[in-house]
Amino acid sequence: MSPFKNCIPITVTEAMIERIIKMKSSGQDIKVEITPRHIVLSGTMEVKKMMFKKNVAFRITIKPVHVEKRTITFELVEVEPIDRNFINQRIFNRPPFFEYEKRAIKMNVNAWSIVRKIPIGTIKSYELAEGALKMKLSL
């Protein structure tokens with residue numbers, strides 16, 4: 001008997017994550033790529049320094065490291081060209097979907113309407129696949 005018999009599969013796509021990160025952000029050009037090993041975000045962000053504005057290109061690689069109830073925690077693997085807390089904060093602090101703290105990004109899957117429709121259960125498993133984060137919610 002499969003341990004995932006009473007589970008509901010849920011898929012979060014690259015486009016869904018892009019939409020959330022672009023919400024409430026001005027002029028960010030962001031592309032999300034999900035591979036079987038990492039999630040890579042790349043794009044440009046407007047950075048103000050004194051009276052000057054400039055667009056800075058960035059590339060951030062994250063990987064899932066921990067799951068608890070309905071939250072997946074990701075670890076920052078690599079940030080290019082500069083690893084600055086305020087840039088990471090501006091990209092990933094998107095309550096209720098994402099919270100950024102101490103180089104960890106917590107994704108509350110309950111914030112996604114696709115999951116909210118299922119009032120019970122916790123994340124039993126997750127995996128990165130080409131183009132998507134696939135989860136199984138227990139019932």
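Worth saying up front: this structure is predicted, and the values here are computed from it rather than measured.
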V32 vs I39 side-chain heavy atoms within contact, under 4.5 Å: yes
If I take atom CD1 from residue I21 and atom CE from residue M16, how far apart are they, to the nearest 0.5 angstrom? 12.5 Å
Assess whether side chain to side chain contact (heavy atoms under 4.5 Å, CB included) is satisfied between T13 and I34, documenting all intermediate values. CA-CA 8 Å; T13 65; I34 302 176; over 6 Å; no
Sub-3.5 Å donor-acceptor pair from the side chain of R59 to the main-chain atoms of G43, do we have one? no
Return the minimal non-hydrogen interatomic distance between I114 and T11, and the atom names on each side. CD1-O, 3.8 Å
Given side chains that start at C-beta, do those of Y126 and P64 come closer than 4.5 Å, heavy atoms only? yes
Is there a donor-acceptor pair closer than 3.5 Å between any side-chain N or O of T122 and the backbone N or O of R70? no
Nearest-0.5 Å distance, CD1 of residue I120 to CG of residue L139: 5.5 Å
Nearest heavy-atom contact between K31 and E18 is CA-OE2, 3.5 Å
Over 60° means perpendicular and under 30° means parallel, so tell me whether F98 and F92 are parallel, tilted or perpendicular. perpendicular
Measuring from R37:CZ to K63:NZ, what's the distance to the nearest 0.5 Å? 9.0 Å
For F97 and N110: C-alpha separation, side-chain torsions, deciding distance, then whether side chain to side chain contact (heavy atoms under 4.5 Å, CB included) applies. CA-CA 8 Å; F97 298 95; N110 231 23; over 6 Å; no
Please determine which of V12, N108, V109, I8 meets the side chain to side chain contact (heavy atoms under 4.5 Å, CB included) test together with V115. V109
Separation between CD1 (I10) and CG (L137), nearest 0.5 Å, reads 4.0 Å
Taking every heavy atom of A57 against every heavy atom of T44, the minimum-distance pair comes out as CA-CG2, 4.0 Å
Among residues two or more places apart or on two chains, list those pairs meeting salt bridge (Lys or Arg N to Asp or Glu O under 4.0 Å) that have a residue in residues 99-113. D83-R103
What verdict does the side chain to side chain contact (heavy atoms under 4.5 Å, CB included) test give for V67 and T73, after you've listed the backbone C-alpha separation in whole Å, the side-chain angles of each residue and the deciding distance to 0.1 Å? CA-CA 6 Å; V67 65; T73 302; over 6 Å; no
Shortest non-hydrogen separation from S138 to C7 and the atoms involved: CA-SG, 4.0 Å
Check each of I105, L76, V77, V40 against I60 using the side chain to side chain contact (heavy atoms under 4.5 Å, CB included) test, and report the only one that passes. L76
Report the distance from atom CZ of R19 to atom CD1 of I30, rounding to the nearest 0.5 Å. 14.0 Å
Would you say E75's side chain and V65's backbone share a donor-acceptor pair under 3.5 angstrom? no
Looking only at non-hydrogen atoms, find the nearest pair between T71 and I123 and report the distance. N-CD1, 4.0 Å
If you compare all heavy atoms of K134 against all heavy atoms of A129, which two are closest, and at what distance to 0.1 Å? CE-CB, 4.0 Å
Can you find a pair of side-chain heavy atoms, one from F74 and one from M107, that are under 4.5 Å apart? yes
For N93, which residues count as a side-chain hydrogen bond (donor to acceptor under 3.5 Å, both in side chains) partner, sequence neighbours excluded? none
